[in-house]
S.K.: 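Mind having a look at this structure? Questions to follow.
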Amino acid sequence: MSFLSQLNPQQREAVETTEGPLLILAGAGSGKTRVITYRIAHLIENLGVMPESILAMTFTNKAASEMVERVDKLVGGLSIAKPVISTFHSFCVRVLRRDIEALRIPSAVPGNPPIGLSKQFVIYDEADQQQLVKSVMRRLGIDDKQTTPRAVLAHISWAKNHMLDPQEFYLQSSDPKTEKVAQIYAEYKKELAKANALDFDDLLLEAVRLLKAVSEVRDYYNRRFHYVLVDEYQDTNRPQYELMRLLAGTRHNICAVGDEDQSIYSWRGADIRNILEFEADFPEAKIVRLEQNYRSTQNILQAASAVVANNLKRKGKNLWTSRQGGTKVGYYEAPDGENEALFAADYVSKYLRESIERGENARAAVLYRTNSQSRLFEEAMRRYQLKYHVVGGFSFYERAEIKDLISYLKVIHNVDDSIALLRVINTPVRGIGKATMEILEQIAFETGASLWSAIGEAIRRQLLPHRALGALKSFRDLIEDGRAMLAGNYVERLERTAQPTWGQPPSAVQRSEAPQTSDPADDQIAFDPAAFDFGTEDNAGEGARATPDDGEPFRTPGAPASTAEILKFLIDRTGYIKQLEAEDTPEAYSRVENLQELVNAAMDSRDRGETLDQFLDHAALVSDADAYDEHAQITLMTLHAAKGLEFPLVILAGLEEGLFPHSRTFLQPDDIEEERRLCYVGMTRAMDTLILSRAIYRRRYGTDLPEASVPSRFLEEIPPQLVEELGVPRRQAARTRVPAPQTQAHYSYEDEDQSASWTGQNRPPAKAYSGRTYNSIENIAEFFASRGKKFNVAKLPVEEPKGKRGFRPGQKVRHPKYGEGTVYQREGEGDEAKITVQFPRFGLKKLMEKYAQLERA
DNA sequence: CCCTGGTCCCAACTT
DNA sequence: GGGACCAGGG
């Protein structure tokens, strides 16, 4: 009971109103998360509600895990049962994995399998979706120059977010272009079904459809969950809204928390009406407003409020803070983007140093509108030797090598996943080229089956040249072996096929054991937590592997192999890592490291007792925002990713018309309002200091000449008395000529006398990035690798060439095209021999000795 | 059949 | 700044 005394009267009212619909309008920094977690704790501790009958839904995994942690602190140790705190998407995946087969309908043809997805469905990410749309468009003969797959996908997603199926979408389309999109949408949907796959939007849609269509399933959840909380309610879309209503059942114990001023996801289908019309949906609803801000100073709050006050579509509120005054909002006008970034680095480093000296919370964030802005800030931070953390951009699971291996797992998990299959069928190359693939696709199309079936068909009916068939067979064997490992009958398969293809056969005692059925206790009493394992762990029932057994592939013979074991098998058998190591470039080694990291992730997953499909779900559902590290001193991220966070210092960069607000939003007044809310979100992240900045000249694409920018309209919306201009007087900006592209020296502060400017004494070190001099070739390669660039370091000649006819390093040779050169290196033997030759005019060339018509010179 | 280099075209936010 | 695609050489 004691923790309730830590709340203000409004917060307390929100916490103690447990029955019936409740809308909590929580202004920025008003203690929203605190209210949600205390409310859960109150239900459990004071009212004796069973934890597992509480469901809280958030948007990001990060928000969910923070909530879990905080609830744990409040009621920790009280009970093993836990409330279910999950993202919408993860929740839906769990619901679907359990019961999606209830949506199946029997086939019209007796004996045929039922129509509809199986529990083994896979989740398609954006890249997968694009591939699929592209192939559909190709087949329909639609020119992808005029209508890009990207644009089509955006339309499809829009339709899904508004719960329109292809027919409905077609009926409402008014122009030929949209009609075409509807046609693609219909085909796309069929293809997904064929692949036993769902895209992100489907996860929500299908869960809603399931709950609507199957009353047993709905009843199950209604018996199970008595209290439902929804976080970030302003950002829910139509399917999420319906899901919430379905889960609320007849009890209507629904608690929605949100702030209409922070609605920033309308492009994802978020419907601000959900929050504005909550009372209409639930007439008996109670509304509590949290208007005391505990985060920001008065100056910051006033400035932010003044901006958002220009919006028409809002309920309006009066946020107040007891933190009177505070430093003014800073505004810095940089001559260009590079300077803006250097200013930020300079300011942050000074700020952090001073904070640390005063023993204060030393954390800062640079926020921007678009991910591509991060590059300049990263470079500036490195120049100042500051450690920073970037949220977003390229995520781990988007790396090519990671996607390759994940795709292998996907195919093993579900052979009909044609998109994954396409990705790996010739990766690493095994001689399955374009011609072969065209025939396979033809077969698949004609038989109406997946590519996998087409492979079987092609082999059975000998529809391809010998060599292609061989390659296909070896691919099929690889996948079948993986599947056998997964099913736990690898040994049987080995004995049956009598050709051990991989390493040494596991020293296993053969045991015929059916692949574990995932959930034998499907229909249990409503509140057995084990029956519905939403928790973070505790799947550790019957099927779980024993202790970790790194090193040896099989400790439990005959049992299904873990994801990690299958991964190791794949890496070994495909020679993926070996091939990378042979490349012998910094980039290749960093890929190897990534793969090792993937195996580690799989081991962690196994230790949590997860199965392959759970591992794949995780890989599909982790997001960039989840990579946020709260201990990092400096964080760079987009405004969207910053939602829900707070920092003592916030630098909000790129306040320019066209960038922020973004040019794509100019046409629609509603879109501009959303940009303004985004600005509000950004400004209210700041606790003590808020700096806004803008570049007078900005380069749009790497090489183009910089363009002059117009200050963002949001700047003018801030009352001038709250703002203080920082740094360089205007004359300096005027003096700045349009810089020639890529001339680093121009921006170094030593160039111009700016001792009186904002740079103060804290000059950037003269050395290049991270203070290292990159003078040797290895260093340069390392530098490029650290920036994700390709840079091949020629291997020093170490081996003695053995070939009798071969050319030796040092020899002079003549090439018909490149002229005379000197042999630098020789690799491989016989037909495989490659020699690297230094040509005076053309540089290093790696040539196949067999083909290149080299002569002695 | 694979690899490289050149060219074209794109570039908002994210579960 | 970079991904996708294509042509040409090995």
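Here is how names work: the chains are called A, B, and so on, in the same order as the sequence lines, proteins then strands, and each is numbered from 1.
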S.K.: Among the candidates dA12(B), dG1(C), dT15(B), find the nucleotide nearest to the side-chain atoms of Glu675(A).
M.R.: dA12(B)
S.K.: In whole Å, what is the span from the CG atom of Asp199(A) to the P atom of dT15(B)?
M.R.: 15 Å
S.K.: Would you say Asn371(A) places a side-chain N or O within less than 4.0 Å of OP1 or OP2 belonging to dA12(B)?
M.R.: no
S.K.: For Ile432(A) and for His640(A), find the nucleotide of DNA chain B with the closest heavy atom, then tell me which residue's nucleotide is more 5'.
M.R.: Ile432(A)
S.K.: Under 4.0 Å between a side-chain nitrogen and a carboxylate oxygen: does that hold for Glu674(A) and Arg677(A)?
M.R.: yes
S.K.: If the cut-off is 4.0 Å, is Arg430(A) near the phosphate of dC1(B), judged by side-chain N/O to OP1 or OP2?
M.R.: no
S.K.: What is the distance from CE of Met637(A) to P of dC13(B), rounded to the nearest Å?
M.R.: 15 Å
S.K.: Side-chain N or O of Lys134(A) less than 4.0 angstrom from OP1 or OP2 on dC5(C)?
M.R.: yes
S.K.: Verify the contact: side-chain N or O of Thr638(A) to OP1 or OP2 of dT14(B), cut-off strictly under 4.0 Å; return yes or no.
M.R.: yes
S.K.: Quick one: which of dC13(B), dC1(B), dA11(B) gets closest to the side chain of Arg150(A)?
M.R.: dA11(B)
S.K.: Tell me whether the side-chain N/O atoms of Asn426(A) come closer than 4.0 Å to OP1 or OP2 in dC1(B).
M.R.: no
S.K.: Would you be so kind as to tabulate the donor-acceptor pairs closer than 3.5 Å made by side chains of residues 201-209 of chain A, with sequence neighbours excluded?
M.R.:
from, atom 1, to, atom 2, distance (Å)
Asp201(A), OD2, Ser157(A), OG, 2.9
Asp202(A), OD1, Lys160(A), NZ, 2.8
Asp202(A), OD2, Lys160(A), NZ, 3.2
Asp202(A), OD2, Asp199(A), N, 3.2
Glu206(A), OE1, Arg209(A), NE, 3.4
Glu206(A), OE1, Arg209(A), NH2, 2.9
Glu206(A), OE2, Arg209(A), NE, 3.1

S.K.: By a strict heavy-atom criterion of less than 4.0 Å, which residues belonging to residues 656-664 of chain A are in contact with DNA chain B?
M.R.: His662(A), Arg664(A)
S.K.: Please state how far atom CD1 in Ile123(A) lies from atom C1' in dT14(B), giving the value in whole angstrom units.
M.R.: 15 Å
S.K.: With a cut-off of less than 4.0 Å, is there a side-chain N or O of Arg375(A) near OP1 or OP2 of dG1(C)?
M.R.: yes
S.K.: Within 45° of the six-membered ring axis of Phe121(A) and under 6.0 Å from that ring's centre, is NZ or CZ of Arg97(A) located there?
M.R.: yes
S.K.: CD of Gln130(A) versus C1' of dC10(B): gap in Å, rounded?
M.R.: 12 Å
S.K.: Find out whether the Lys NZ or Arg CZ of Arg268(A) is both under 6.0 angstrom from the six-membered ring centre of Tyr265(A) and within 45° of the ring's axis.
M.R.: yes
S.K.: Base, sugar-phosphate or nothing for Phe59(A)? Non-hydrogen atoms, less than 4.0 Å.
M.R.: sugar-phosphate
S.K.: The criterion is side chain to side chain donor-acceptor pair (under 3.5 Å); which residues satisfy it with Ser693(A), sequence neighbours excluded?
M.R.: Glu340(A)
S.K.: What's the CH2-C1' distance between Trp158(A) and dA12(B), to the nearest Å?
M.R.: 20 Å
S.K.: Among Val366(A), Val391(A), Val390(A), which one satisfies side chain to side chain contact (heavy atoms under 4.5 Å, CB included) with Thr635(A)?
M.R.: Val391(A)
S.K.: Rounded to the Å, how far apart are Leu367(A) CG and dC13(B) C1'?
M.R.: 13 Å
S.K.: Relative to the 5' end of DNA chain B, which residue comes earlier, Gly431(A) or Tyr265(A), by the nucleotide with the nearest heavy atom?
M.R.: Gly431(A)
S.K.: Quick one: which of dT15(B), dC13(B), dG1(C) gets closest to the side chain of Trp267(A)?
M.R.: dC13(B)
S.K.: So does Asn161(A) get a side-chain nitrogen or oxygen closer than 4.0 Å to the phosphate oxygens (OP1/OP2) of dT15(B)?
M.R.: no
S.K.: Which nucleotide wins on minimum distance to the side chain of Glu126(A), given the candidates dG1(C), dT15(B), dC13(B)?
M.R.: dT15(B)
S.K.: In plain terms, say whether Arg591(A) and Glu401(A) are close enough for a salt bridge, that is, a side-chain N and a carboxylate O under 4.0 Å apart.
M.R.: yes
S.K.: Please give, in whole Å, the distance from dT14(B) C1' to Leu153(A) CG?
M.R.: 13 Å
S.K.: May I have the step-by-step check of side chain to side chain contact (heavy atoms under 4.5 Å, CB included) for Arg698(A) and Glu707(A), ending in yes or no?
M.R.: CA-CA 5 Å; Arg698(A) 187 177 292 278; Glu707(A) 287 171 23; over 6 Å; no
S.K.: How many whole angstroms separate atom CZ of Arg369(A) from atom P of dA11(B)?
M.R.: 14 Å
